[in-house]
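What follows is a set of notes on a single structure, which appears directly below.
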Amino acid sequence: MTPAISIKGLGKTYAGGFTALKDIDLEIERGEIFALLGPNGAGKTTLIGAICGTVKVTAGHVSVCGHDIAADPASARKAVGLVPQELTIEAFETPWDTVSFSRGLFGRPPDPARIEDILKRLSLWDKKDTQIRRLSGGMKRRVMIAKALAHEPQVLFLDEPSAGVDVELRKSMWEQVRLLRAAGVTIILTTHYLEEAEEIADRIGVIRKGRLILTEDKDTLMKKLGKKELAVELAAAHAGIPPVLANFDLALSPDGLRLILTYEAGRGESVISGLLEKLKAEGIAYADISTRQSSLEEIFIRLVGEDA
Amino acid sequence: MTPPFNGQAVRAILRYEMSRARRTLGQSILSPVLSTVLYFVVFGAAIGSRIPAVGAVSYAAFIVPGLIMQTVLAQSISFAAFAIYFPRFTGTIYEILSAPVSFVEVIIGYVGAAALKSAATGLIILFISFFFVPLRILHPFCMIGFLGLTCAAFSLLGFIIGIWADGFEQLQLIPLLVITPLSFLGGSFYSIKMLPPFWQKLSLANPVVYLISGFRWSFYGHADVAVGVSLSVIGAFFAVCLCVTAWIFKTGYRLRN
Ligand SMILES: Nc1ncnc2c1ncn2[C@@H]1O[C@H](COP(=O)(O)OP(=O)(O)OP(=O)(O)O)[C@@H](O)[C@H]1O
Ligand SMILES: [Mg+2]
């Protein structure tokens with residue numbers, strides 16, 4: 001099967017001359033949940049816009065489910081649903097009307113049962129005939145998601161879906177996202193909440209100053225870039241790090257009771273056994289050991305924060 | 001393969017625009033009807049009885065076609081301009097831009113809806129005027145044809161204005177500074193044959209003159225300029241507007257960043 005999204009050499013220079021995207025290459029498989037991470041102004045929204053047709057591409061090629069967006073825009077767009085970052089929604093319409101409108105706009109015949117199902121799944125059924133201006137922000141966002149789902153897209157874009165959404169709602173939204181993925185929908189989302197990407201994504205792309213600096217399986221990324229820490233609880237307090245351990249990247253807690261070893265996640269085995277052997281040889285007794293993996297947040301700051 | 005014409009989208013846009021008209025009935029239809037009807041009550045029935053007939057047609061009856069044309073013109077522009085400007089302003093245009101719709105579907109949807117609404121406005125005014133003014137319609141099919149073509153052409157113009165405008169002021173600018181004067185000087189209230197020769201010549205540069213003349217001809221059989229010429233001018237105007245909109249969609253002018 002053709003990939004859900006295939007991007008080659010994509011570039012975007014805005015009318016004012018600002019280059020927001022440079023030479024992006026990316027493939028997203030069907031049924032993936034892909035998270036796009038990057039600081040404010042990195043180009044996430046521009047990238048989504050270029051794929052969905054709201055931004056004019058100035059270099060390169062994009063296809064959606066095998067349809068080139070320039071050669072066959074109708075087929076490409078029919079496959080895509082977009083929930084933009086900002087809450088932009090017709091205030092005087094009702095959810096029912098606006099979701100039905102979206103379905104028609106994307107070329108699907110009316111299907112009240114389908115609309116009912118979508119509204120119910122997003123807990124909007126009891127609001128279906130309420131003017132949208134009377135809904136809360138979180139409800140409005142759900143109406144926008146319902147609009148994007150109305151034509152049963154194969155690829156769904158969520159541009160910062162959790163902005164302004166409470167914890168409860170976020171949970172149920174991720175549940176919906178997983179259900180959609182189970183139904184074969186590919187989901188591409190952007191977020192600033194990095195735990196979120198860690199929680200939901202299969203693969204993560206990091207974008208910075210218009211360049212995709214990294215795309216990786218979430219787990220591989222965590223393994224590859226995650227610094228791990230091994231804490232060794234010592235049986236007796238030490239005044240300083242014993243000189244024989246100088247070869248290891250070690251820190252001692254202020255109370256002198258805990259040694260902390262930092263190592264690359266991939267090279268764990270050899271370093272740990274090396275340290276433990278050394279401790280044994282030197283007769284340094286320890287009561288307990290534990291490990292900790294750094295969060296995506298820390299990885300992200302390391303990747304993006306450097307010479308930002 | 002996706003079918004080349006997205007009929008569902010046209011249907012959705014038309015339905016949406018019509019339901020918006022129903023929601024704002026007072027402002028969108030009733031108020032232009034009322035103000036136009038007031039015009040021919042005052043100028044036609046009250047003052048008009050002291051003004052001599054133009055040809056064989058009483059003054060009150062003479063001004064009705066021109067007044068209808070003026071209202072229809074202004075309403076077509078305003079309906080269409082607003083219909084496309086508003087989504088641009090609020091940002092909901094993203095959906096149209098990301099949808100599998102081409103120039104053709106968007107034009108039929110938005111311009112079609114605007115034209116239908118303004119044609120309905122014109123017909124309502126016509127209907128009401130029968131109660132105040134002795135009207136004849138010699139060529140009803142031509143009358144409908146002129147009305148339809150005018151609504152379509154000026155809705156297209158309105159659509160272009162709605163895409164070009166960068167604020168509510170600009171949205172009003174062309175209608176106020178260009179269309180209103182042209183339409184007042186378009187011969188609603190007089191036959192341009194009553195003007196001195198110089199002003200007659202100058203009037204021929206005003207496209208509205210051709211519209212009103214043709215439209216009035218379909219009522220009373222008298223025209224200031226030949227009917228064929230009127231028709232050609234409207235047709236040409238329509239074609240130019242169509243080309244401009246095609247270009248807008250091709251380049252994404254003011255629509256896509
Ligand atoms: N219409 C525009 N014209 C010119 N420059 C633009 C336009 N839209 C965005 N930009 C610029 O392009 C860059 C990328 O913007 P974009 O909205 O894609 O960032 P983002 O990653 O989505 O940021 P955020 O996390 O804040 O949403 C920014 O520097 C922005 O100023
Ligand atoms: Mg953004």
Side-chain angles (χ1 to χ4, degrees), chain A residues 12-16 18 20 45-46 48-58 64 67 69 72-94 97-98 100-111 131-132 144 147-148 150-151 153 157 159, chain B residues 1-28 82-110 113 166 247-257:
Chain A
K12 168 66 189 175
T13 303
Y14 278 108
F18 179 79
T45 301
T46 305
I48 288 183
I51 303 169
C52 295
T54 57
V55 168
K56 240 188 337 184
V57 169
T58 50
V64 179
H67 308 290
I69 60 163
D72 186 5
S75 303
R77 289 178 191 175
K78 212 170 168 173
V80 164
L82 167 64
V83 184
Q85 182 171 3
E86 269 142 63
L87 273 178
T88 43
I89 190 159
E90 173 74 66
F92 297 97
E93 285 283 315
T94 64
D97 285 346
T98 195
S100 307
F101 169 79
S102 298
R103 185 175 169 86
L105 195 64
F106 280 76
R108 296 277 189 168
D111 185 348
Q131 275 198 348
I132 287 166
M144 293 184 66
K147 279 167 76 70
H151 65 285
F157 286 92
D159 199 351
Chain B
M1 193 65 203
T2 310
F5 182 72
N6 187 349
Q8 295 292 347
V10 172
R11 223 180 87 150
I13 296 172
L14 280 173
R15 265 182 68 133
Y16 168 77
E17 282 296 309
M18 289 307 169
S19 85
R20 203 161 59 89
R22 264 197 304 279
R23 221 162 44 217
T24 57
L25 196 63
Q27 185 204 3
S28 60
F82 196 76
I84 195 70
Y85 180 74
F86 198 63
R88 283 182 58 217
F89 177 72
T90 58
T92 53
I93 189 88
Y94 83 85
E95 200 176 17
I96 307 281
L97 295 179
S98 66
V101 291
S102 69
F103 158 71
V104 181
E105 290 104 9
V106 174
I107 291 293
I108 299 178
Y110 283 103
D166 235 352
W247 173 83
I248 285 173
F249 273 82
K250 199 158 174 260
T251 60
Y253 172 75
R254 298 256 164 132
L255 286 175
R256 294 194 163 87
N257 287 318

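Order of the sequence lines fixes the chain letters, A, B, ..., with proteins taken first and strands second; residue numbering starts at 1 for each chain. Predicted model, so just to flag it, every value in this text is computed and none were measured. Hydrogens, waters and symmetry mates are skipped; everything else that's a heavy atom, side chains included, is used.
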What's the separation between atom [atom1] in [X] and atom [atom2] in [Y], rounded to the nearest 0.5 Å?
{"X": "T88(A)", "Y": "F89(B)", "atom1": "OG1", "atom2": "CZ", "result": "13.0 Å"}
{"X": "Y94(B)", "Y": "K147(A)", "atom1": "OH", "atom2": "NZ", "result": "5.5 Å"}
{"X": "M144(A)", "Y": "T92(B)", "atom1": "CE", "atom2": "OG1", "result": "9.5 Å"}
{"X": "R23(B)", "Y": "E93(A)", "atom1": "CZ", "atom2": "CD", "result": "5.0 Å"}
{"X": "T90(B)", "Y": "E86(A)", "atom1": "OG1", "atom2": "CD", "result": "11.5 Å"}
{"X": "Y16(B)", "Y": "S100(A)", "atom1": "OH", "atom2": "OG", "result": "13.5 Å"}

Margin query: Using side-chain heavy atoms (C-beta onward) and a distance below 4.5 Å, is E90(A) in contact with F86(B)?
Written below: yes
What's the shortest heavy-atom distance between [X] and [Y], and which atoms?
{"X": "R77(A)", "Y": "V101(B)", "value": "NH1-O, 4.2 Å"}
{"X": "F106(A)", "Y": "S98(B)", "value": "CE2-O, 3.5 Å"}
{"X": "T251(B)", "Y": "K56(A)", "value": "O-NZ, 2.8 Å"}

Check: By a 4.5 Å heavy-atom criterion (distance strictly below it), what part of V55(A) contacts chain B: side chain, backbone, both, or neither?
Finding: both
Next item on the list: Give, as side chain, backbone, both or neither, the part of R103(A) having an atom under 4.5 angstrom from any heavy atom of chain B.
Entry: neither
Notebook entry, point to check: What residues, two or more places apart in sequence or in another chain, satisfy ring pair (Phe, Tyr, Trp, His ring centres under 6.0 Å) together with F249(B)?
Noted result: F103(B)
Next item on the list: Answer with side chain, backbone, both or neither: which region of S19(B) has an atom nearer than 4.5 Å to a non-hydrogen atom of chain A?
Entry: side chain
Notebook entry, point to check: Does any heavy atom of chain A fall under 4.5 Å from the side chain of I96(B), the backbone, both, or neither of them?
Noted result: both
Next item on the list: Considering only heavy atoms and a distance below 4.5 Å, find which of A148(A), S102(A), A91(A) pairs most often with chain B.
Entry: S102(A)
Check: Which residues in residues 8-15 of chain B have any heavy atom lying under 4.5 Å from a heavy atom of chain A?
Finding: Q8(B), A9(B), R11(B), A12(B), I13(B)
